[in-house]
Novice: 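Mind having a look at this structure? Questions to follow.
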Amino acid sequence: MSEKGNRPKQTVWIRYAKWLVTVFAFIFLINEIFVKRDAVAMVEDYKELIAQKWWVVAIVLLLMPINWLLESIKWKILFAKFGSMSLPKAFKGTLMGVAVGLFTINGVGEFVGRMTAVPIRKRQEAVSSSMVASMAQLAVTITIGGAFVVYFGSLFIDDGRLVMAKIAAFSTVLVGIVAYYFMPQLAKKGLSKALFLNRYNHFIDSFDQFERKTLTTIYGLSLLRYSVFSFQLGFLLYHFGGFTDFKFVLLIPVYYYIQTLIPTVALGEVGVRGYILTTLFSQSLSSSDVILVSFIIWFINLVLPGIIGMILLIKTKISLT
């Protein structure tokens, strides 16, 4: 059979697969939002507060596209080593990545979703550049969060060891940054030992293309993105939970640090988010406030862009040749 004859069959199977994923996602979402979390009852309980502070939710919502736009810019800059990509296409690919990442542990499926936005001959490089972008965000989250974990630990030790705690916090940041700059080489070395990846030589070799200047730019953009979603959470905590003590503001990096270390599937992690927030902010927030804040930030930053990404994924023609 000719190549032309094969294409329709491949297209049909891909179309079915995309619709299957989308239907499964919406069923899962409906169950998570309206059954497990009973969003209708939550809105009913907080309708007066939400009506009064609708502008708070609006500001957090407006920051959501900025959050993912920064991630798109990171990917676009890294992918530029291998080919051109417009910012709209990078943004579209990032959202499709969010859609697929909703079903996978800690969003690792984002790499698969982003691949659909580039030609097949560049998909190996698309994955490696996406991995470096994600590792940069992980490095920022771990180093800042780790430093604040050490800082809060110092509050419970005697003054004689306070200097050592501060040195440990600084060392956490320093080691994290140094490890980030060596990360592409370490990734290549580790992946090259995986025999099943030997056929993907473009993917492994592409890690050599990321220069320190580029990595510095990506790290800076990751810091900026980190400040955006940290502000979103702090803004909600302040307005919906009476979260005014500056000391507790410093717990936000600890929250993201712990959340990053716990393997979760994004579609079901709202419960995990709520548990972490309750544990960290129990002295200043009621459990009901935590449930509301964790649901809003989860829905705006993950579910909403994921739904948009699903729609884009359905409309995108994916070729296997």
Side-chain angles (χ1 to χ4, degrees), residues 3-37 39 61-76 78-79 83-131 133-134 229 264-270 295-321:
E3 181 182 358
K4 184 176 180 181
N6 283 330
R7 284 182 181 175
K9 186 175 180 180
Q10 292 174 345
T11 303
V12 168
W13 278 108
I14 293 171
R15 188 184 304 124
Y16 283 146
K18 290 192 298 183
W19 275 105
L20 182 64
V21 169
T22 303
V23 170
F24 174 78
F26 277 106
I27 292 174
F28 199 109
L29 278 174
I30 291 171
N31 179 68
E32 189 70 31
I33 295 172
F34 296 104
V35 179
K36 285 187 177 181
R37 308 301 161 190
L61 181 62
L62 288 173
L63 287 172
M64 181 270 286
I66 297 176
N67 175 14
W68 289 109
L69 181 62
L70 287 169
E71 181 64 23
S72 305
I73 293 172
K74 287 162 53 182
W75 185 38
K76 180 182 183 299
L78 289 165
F79 187 78
S84 61
M85 180 191 297
S86 66
L87 185 56
K89 179 176 284 190
F91 191 53
K92 176 183 177 182
T94 299
L95 292 179
M96 290 193 294
V98 176
V100 179
L102 289 174
F103 305 96
T104 55
I105 301 296
N106 283 5
V108 295
E110 288 187 12
F111 308 137
V112 177
R114 293 188 189 191
M115 283 173 56
T116 60
V118 300
I120 190 170
R121 65 182 182 277
K122 293 293 182 180
R123 285 178 183 172
Q124 293 184 39
E125 292 84 351
V127 173
S128 63
S129 56
S130 180
M131 286 179 64
S134 296
F229 58 70
T264 57
V265 176
L267 276 179
E269 72 172 18
V270 63
F295 181 85
I296 292 174
I297 201 75
W298 170 77
F299 185 84
I300 289 178
N301 276 356
L302 282 175
V303 176
L304 189 56
I307 291 174
I308 297 172
M310 289 175 201
I311 296 171
L312 293 173
L313 190 61
I314 290 174
K315 293 184 175 181
T316 301
K317 293 183 179 180
I318 302 174
S319 173
L320 295 179
T321 58

Novice: For Lys92, which residues count as a side chain to side chain donor-acceptor pair (under 3.5 Å) partner, sequence neighbours excluded?
Specialist: Thr316
Novice: Which heavy atom in Met64 sits nearest to a heavy atom in Leu304, and how many Å separate them?
Specialist: CE-CD2, 3.9 Å
Novice: Using modelled atom types only, decide if a donor and an acceptor are shared between the side chain of Trp68 and the backbone of Asn301 within a distance under 3.5 Å.
Specialist: yes
Novice: What are the two closest non-hydrogen atoms of Ala133 and Arg114, and how far apart are they?
Specialist: CB-NH1, 4.5 Å
Novice: Do Glu71 and Lys76 sit within salt-bridge range, that is, some charged N less than 4.0 Å from a carboxylate O?
Specialist: no
Novice: Grab the two heavy atoms, one from Met96 and one from Ala117, that are nearest each other, plus how far apart they are.
Specialist: CE-CB, 3.9 Å
Novice: Quick one: side-chain contact (heavy atoms from CB on, under 4.5 Å) partners of Ala99, sequence neighbours excluded?
Specialist: Met310
Novice: Ignoring hydrogens and geometry, is there a side-chain-to-backbone donor-acceptor pair from Arg123 to Met115 under 3.5 Å?
Specialist: yes
Novice: Out of the candidates Leu312, Ile311, Leu313, only one should pair with Lys315 under the side-chain contact (heavy atoms from CB on, under 4.5 Å) rule; please name it.
Specialist: Ile311
Novice: List the residues meeting side-chain contact (heavy atoms from CB on, under 4.5 Å) with Ile314, not counting sequence neighbours, and say none if there are none.
Specialist: Trp19, Thr22
Novice: Is the Phe295 ring parallel, tilted or perpendicular to the Trp298 ring (thresholds 30°, 60°)?
Specialist: tilted
Novice: Taking only residues two or more places apart in sequence or in another chain, which ones pass ring-ring contact (aromatic ring centres under 6.0 Å, His included) with Phe229?
Specialist: Tyr226, Tyr256
Novice: Who passes side-chain contact (heavy atoms from CB on, under 4.5 Å) against Met85, sequence neighbours left out?
Specialist: Trp75, Phe79, Lys89, Ala90, Val118
Novice: Could you tell me which residues satisfy side-chain contact (heavy atoms from CB on, under 4.5 Å) with Leu62, sequence neighbours excluded, listed by chain and number?
Specialist: none
Novice: Calculate, to the nearest 0.5 Å, the distance between atoms CG and CD1 belonging to Leu95 and Ile307 respectively.
Specialist: 12.0 Å
Novice: Can you tell me how far the CD atom of Glu125 sits from the OG atom of Ser128, to the nearest 0.5 Å?
Specialist: 6.0 Å
Novice: Search all heavy atoms of Leu78 against all heavy atoms of Ser129 and return the closest pair with its distance.
Specialist: CD1-O, 3.2 Å
Novice: With side-chain contact (heavy atoms from CB on, under 4.5 Å) as the criterion, how do Leu69 and Thr94 come out once you've worked through the C-alpha distance, each side chain's angles and the decisive distance to 0.1 Å?
Specialist: CA-CA 8 Å; Leu69 181 62; Thr94 299; over 6 Å; no
